[in-house]
Amino acid sequence: MSEVSPPRIVARRGGDPPLARSKPLVTQDVEALWDPCERLWQIAIAPSRWRLTSQSCQTLDGLRLGSLWGEDTGRSMLRVHAVWLPSGPGSGLHLVTELPTDSPRLSTLLPDVPAALYFEREISEMFGIEFVSSPDPRPLLLHMSHDFPPLRKRTAPSRPSGERKTYEFPPVEGEGVYEVPVGPVHAGIIEPGHFRFQVVGEEILSLEVRLGYTHKGTEKLFEGRTPVSSVPLAESVSGDTPIAGAFAYSTAVESALDLQVDAATQAARGLLLEIERVAFLLGDIAGIALDVGYAAGAARANALRQIAYDALEAATGARTGRGVLTIGGLLRPLDRALGPILTPRMGTIGKGTTSLLEHLLTQPSVFDRIHGTGTVPLNVARALQLVGPVARASGLDRDVRSDMPYGPYVGRVVHVPHEQSADVEARLRVKAAEVIEGCRLVLEFLADGATEAPAAPPLVSGGLDERHGLGLVESPRGEYLTWVSIAPDGRLARVHVREPSFLNWPAIEYAVKGNIVPDFPLCNKSLNLSYSGFDR
Amino acid sequence: MSGNPGKDASPVAQVPEEMGILGKVLTMSYPLGRSTVRSSSARTPIHNPLLCTGSGECGKVCPTNAIQVEGSGAGAHFELDYGKCIFCRRCVDVCPSGALTATTDFELSTLSRKDLVVAHVSGRPVAARDPELAKSVKLKVHHLFAGSLAIREIDAGSCGGCELEVGALTWPEYDLERLGIHFVASPRHADALLVTGGVTVNMRLALEKTYRATAGPKFVIAVGACGISGGPFRGSPEVGGGVDSTLPVEVYIPGCPPRPEALLYGLWMALGKVEQRLWNGELPPVAKRSD
Ligand code: SF4
Ligand code: SF4
């Protein structure tokens with residue numbers, strides 16, 4: 001215990017994306033087209049083949065479900081999209097199927113693809129599509145009934161009625177079993193959600209999470225707006241990672257409109273994203289320290305975090321980095337004299353994090369609480385198709401920056417840490433290592449001319465055909481996916497945002513099993529999931 | 001007090017290399033002393049009616065429709081609502097006449113919703129300040145809670161950005177507790193509810209119940225563009241138009257999110273320790289900002 005072993009780190013260079021274009025096996029018996037905008041293979045299939053083809057993606061090609069979403073084309077036709085992504089370096093594919101607007105039905109991907117559960121529940125309530133023989137057809141984000149499914153296209157938007165939908169938690173029965181309901185208003189300064197624990201004595205038998213409290217109809221709000229005017233909305237999908245949100249959204253629009261972004265601008269975006277990662281993950285470390293009752297450790301992590309937000313403010317004029325990214329580049333250039341500000345700050349954070357981690361791991365009162373707590377075993381992580389630091393702490397070595405490198409990460413070496421023990425300790429180690437690597441990358445982007453990036457030219461859009469594009473960015477929480485469809489008039493027809501928490505939320509239900517109730521906040525903080533990113 | 005133009009503030013905070021309690025004090029003196037905000041962090045749009053030509057360019061680019069311009073030339077009617085503004089500077093970037101400039105002012109909290117609105121007609125403010133109102137609220141709140149204030153924070157549908165900055169008040173840099181203000185875990189222990197988010201349809205009931213569970217005397221603080229007006233989500237059928245559409249609100253703290261100093265100012269002002277500076281959308285003239 002007293003020896004702090006270094007985290008396992010693999011250094012990988014992001015490959016040149018076109019080289020990773022080998023055809024997936026599933027395309028042997030269906031027609032596939034390479035889509036340079038999305039950098040994915042496109043496959044259109046009949047609804048009857050939906051389930052079979054999806055299974056092949058998983059079993060034949062070892063792909064994982066990246067996202068699943070619906071679209072109303074406005075031409076009496078609904079579409080269901082699925083993006084399947086590689087588990088390591090490689091290329092993915094995009095399945096599309098079309099359904100009639102009258103009583104649309106599709107076979108469920110459950111139970112073969114457990115990660116599809118939340119997606120199908122969302123598509124079902126937002127588009128009125130029935131997933132045939134789904135084991136769990138309960139609503140997900142909508143607590144009230146609506147006059148029609150909200151993401152369907154009609155002239156007037158769908159409105160919630162005052163009528164609450166029924167929602168049942170599966171009962172757990174037995175001698176001495178009791179239930180602990182928590183939330184939606186929590187005890188800390190955090191977002192709202194409801195947790196239903198089934199407990200025996202002190203031990204948690206099961207937990208069910210119910211979310212949707214912060215549902216703001218964000219995806220619907222995008223529709224009909226221009227891409228440029230919606231950047232602030234993309235920043236506010238999950239407001240604790242606004243840069244990642246704006247980055248993924250801008251990338252999606254740029255790929256749809258075939259806009260090129262110069263190298264200096266890419267470096268500037270990379271620099272901002274890495275500062276955001278450093279600041280965000282230091283918050284997770286502070287939260288872990290606080291939730292084991294070690295206020296001194298939390299204060300120290302928060303002091304480092306303040307330096308990171310101060311650096312972000314020096315770079316962008318805004319503490320959280322809002323209002324800087326836009327379609328095609330940056331709204332305003334970074335401060336040219338950033339070097340002397342960033343270099344000492346990143347140095348302090350790097351050194352400070354190294355010594356803080358060592359300190360935390362050698363305090364018996366801290367170590368005892370985090371070691372073996374909140375385990376998300378590898379098989380669970382793989383089945384749920386988790387992403388980000390949470391997945392990496394469970395032994396899944398996946399990171400968009402090196403698996404499907406984009407923008408600033410093309411050809412760049414990123415040291416991706418991963419751990420095997422899958423507990424709170426592993427997540428703490430991974431996050432600390434990512435902070436240190438983030439500090440290094442910030443300075444690398446600085447050396448690559450991030451401050452030379454000009455302000456983006458104004459975007460003229462419209463008068464094109466129908467376009468769509470995909471943005472995939474490694475946010476501090478993991479893979480952040482945004483898909484946009486742009487109408488010929490240049491306005492947004494559909495925007496789908498899959499924040500990493502959408503995939504990672506189910507992990508908490510497994511992490512707490514067999515733990516004691518007082519360790520729930522600790523497990524929760526070590527996963528640090530976004531409520532708003534899930535609810536939108 | 002706010003702003004410190006020209007000076008690049010904030011040297012690297014000296015976080016000691018080793019753990020221990022003998023490190024340097026990291027906590028800022030604000031709101032007891034001066035604040036230092038970099039001049040490059042100027043984000044608050046300030047409108048100079050004498051330069052405004054009523055071009056309306058600002059209103060076209062504003063992502064939250066915080067600006068309305070009607071008419072043109074000398075008789076133009078200009079309105080800017082800090083309760084809707086997300087402080088993105090887009091309007092400042094496009095203003096052709098230099099009537100809009102960005103400043104580092106962050107002390108924008110008010111005790112009334114209408115004080116957040118700048119309204120200019122023909123180069124003049126539309127209404128004069130009404131100091132009587134402030135006095136009455138100040139007396140009420142100041143008298144009851146000035147020594148110690150317990151706050152319960154409620155997210156009524158924020159994006160999480162406001163939580164980040166509200167949470168930052170407990171970091172060593174800001175250390176809210178030195179001012180006798182604490183965040184408490186239950187509404188039962190609270191004197192005030194600090195509410196973020198525009199009140200989603202799904203959170204309304206929980207917000208109302210939490211308010212009812214709070215013992216009186218109590219008051220409500222609405223934080224952020226969302227908490228005041230619905231912010232970037234205004235117009236969505238899933239979001240209400242701010243906290244005051246559900247609960248009576250005593251204090252408004254604008255921002256998206258408000259920086260921690262802005263929150264400190266808003267709370268300090270609520271306790272009657274400092275005066276409200278923004279009246280009918282007007283800040284005191286620069287020359288008088290000597291504090
Ligand atoms: S700074 Fe405020 S008023 Fe100006 S464009 Fe942005 S949101 Fe609108
Ligand atoms: S005001 Fe801005 S930061 Fe605060 S919740 Fe609303 S969108 Fe997020």
Side-chain angles (χ1 to χ4, degrees), chain A residues 143-144 150 157-160 184-185 187-192 212-218 220-221 229-233 236-240 242 296-297 299-300 302-307 309-310 313-314 317-320 322-323 331-332 335 344-345 348 351-352 355-356 359 530-533, chain B residues 8 10 12-13 15 17-19 21 26 38 40-43 61 63-64 86-90 93 152-168 170-173 183 185-187 197-198 200-203 206-207 210 231-233 235-239 256-257 259-260:
Chain A
H143 295 188
M144 307 287 173
S158 164
R159 301 209 160 260
V185 177
I189 301 172
I190 55 166
E191 301 172 74
Y213 290 91
T214 72
H215 176 61
K216 299 178 275 294
T218 310
K220 187 74 190 173
L221 273 178
S229 68
S230 304
V231 176
L233 207 50
S236 296
V237 166
S238 179
D240 45 13
R300 202 173 152 81
N302 280 330
L304 295 170
R305 194 181 184 198
Q306 170 67 20
I307 300 176
Y309 278 115
D310 181 58
E313 179 170 354
R319 263 173 59 86
T320 54
R322 282 170 186 253
L331 208 52
R332 47 182 51 76
D335 190 342
R345 280 170 174 74
T348 307
K351 265 189 255 145
S355 70
L356 175 61
H359 176 81
S530 169
Y531 298 68
S532 181
Chain B
D8 194 27
S10 309
V12 190
V15 179
E17 297 251 322
E18 295 303 319
M19 286 294 296
I21 52 167
L26 302 173
R38 284 191 183 80
S40 61
S41 298
R43 312 182 71 206
V61 296
T64 57
I86 59 167
F87 302 87
C88 69
R89 297 171 278 185
R90 284 176 171 86
D93 293 347
R152 171 71 272 208
E153 197 265 357
I154 304 166
D155 175 342
S158 90
C159 73
C162 281
E163 273 55 43
L164 170 60
E165 295 296 48
V166 173
T170 64
W171 301 357
E173 178 90 2
F183 285 106
S186 164
T200 55
V201 169
N202 295 349
M203 264 308 282
L207 177 63
T210 310
F233 307 103
S236 167
E238 305 291 339
V239 181
C256 181
R259 58 181 305 134

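Each chain gets a letter, A, B and so on, in the order its sequence line appears, and its residues count up from 1. Values below: all heavy atoms of this structure, side chains included; hydrogens, waters and symmetry mates excluded.
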State, with a plain yes or no, whether a side-chain heavy atom of A:His215 is found less than 4.5 Å away from one of B:Val201.
no
Start with the C-alpha gap between A:Asp310 and B:Arg38, add the side-chain angles, then the distance that decides, and say whether salt bridge (Lys or Arg N to Asp or Glu O under 4.0 Å) holds.
CA-CA 10 Å; A:Asp310 181 58; B:Arg38 284 191 183 80; 3.0 Å; yes
Quick one: do A:Tyr213 and B:Thr200 satisfy side-chain contact (heavy atoms from CB on, under 4.5 Å)? Show the steps, please.
CA-CA 7 Å; A:Tyr213 290 91; B:Thr200 55; 5.5 Å; no
One option among A:Gly217, A:Ser229, A:Pro192 has the most heavy-atom pairs under 4.5 Å with chain B, and it is A:Pro192
For the atom pair OG (B:Ser236) and CG (A:Leu221), what is the distance rounded to the nearest 0.5 Å?
4.5 Å
Considering non-hydrogen atoms only, spot the tightest contact between B:Ala168 and A:Arg319 and give its length.
CB-NH2, 4.0 Å
Honestly, the part of A:Pro157 sitting under 4.5 Å from a heavy atom of chain B is side chain
A:Lys216 versus B:Ser158, closest heavy-atom pair with distance:
NZ-O, 3.0 Å
Among A:Ala314, A:Pro242, A:Ser238, A:Ser158, the residue with the most heavy-atom pairs under 4.5 Å to chain B is A:Ala314
Scored by heavy-atom pairs under 4.5 Å with chain B, the best of A:Ser532, A:Pro150, A:Ala187 is A:Ala187
Which heavy atom of B:Leu26 sits nearest a heavy atom of A:Ala303, and at what distance?
CD1-CB, 3.5 Å
Measure distances from A:Tyr531 to the heavy atoms of chain B and classify the residue's part below 4.5 Å as side chain, backbone, both or neither.
neither
Side-chain contact test, heavy atoms from C-beta onward, threshold under 4.5 Å: evaluate it for A:Thr320 versus B:Glu165 and give yes or no.
yes
With side chains defined as the heavy atoms from C-beta onward, is the minimum distance between B:Glu238 and A:Pro160 less than 4.5 Å?
yes
Heavy-atom proximity to chain A below 4.5 Å, by part of B:Arg89:
both
Would you name the heavy atoms of B:Glu153 and A:Gly188 that are closest together and state the gap between them?
OE1-O, 4.4 Å
Proximal component of B:Cys162, with respect to chain A [non-hydrogen, under 4.5 Å]
neither
Passes side-chain contact (heavy atoms from CB on, under 4.5 Å), B:Glu173 versus A:Ile307? Steps please.
CA-CA 10 Å; B:Glu173 178 90 2; A:Ile307 300 176; over 6 Å; no
d(B:Glu163 CD, A:Ile189 CD1) to nearest 0.5 Å is 8.5 Å
Side-chain heavy-atom pair A:Pro184, B:Met203 within 4.5 angstrom cut-off:
yes
Going by heavy atoms in the side chains, are B:Asp155 and A:Thr214 under 4.5 Å from each other?
yes
Which portion of A:Ser230 sits near chain B, non-hydrogen atoms under 4.5 angstrom
neither
Options B:Pro172, B:Pro63, B:Ala42, B:Gly167, ranked by heavy-atom pairs under 4.5 Å with chain A, top entry
B:Pro172
Provide the closest heavy-atom pair for B:Cys88 versus A:Arg332 in the form atom of the first, atom of the second, distance.
O-NH1, 3.7 Å
From CG (B:Leu164) to CZ (A:Arg305), nearest 0.5 Å:
5.5 Å
With a 4.5 angstrom heavy-atom cut-off, is it the side chain or the backbone of B:Ser186 that approaches chain A, or both, or neither?
neither
Which portion of B:Phe183 sits near chain A, non-hydrogen atoms under 4.5 angstrom
side chain
Under 4.5 Å heavy-atom distance to chain B, tell me which part of A:Ser236 shows up: side chain, backbone, both or neither.
both
Looking only at A:Gly533, A:Gly323, A:Ala318, most heavy-atom pairs under 4.5 Å shared with chain B are made by A:Ala318
Is B:Val166 close to chain A through its backbone or its side chain, or both, or neither, when contacts mean heavy atoms under 4.5 Å?
both
What's the shortest heavy-atom distance between A:Gly212 and B:Asn202, and which atoms?
O-ND2, 2.7 Å
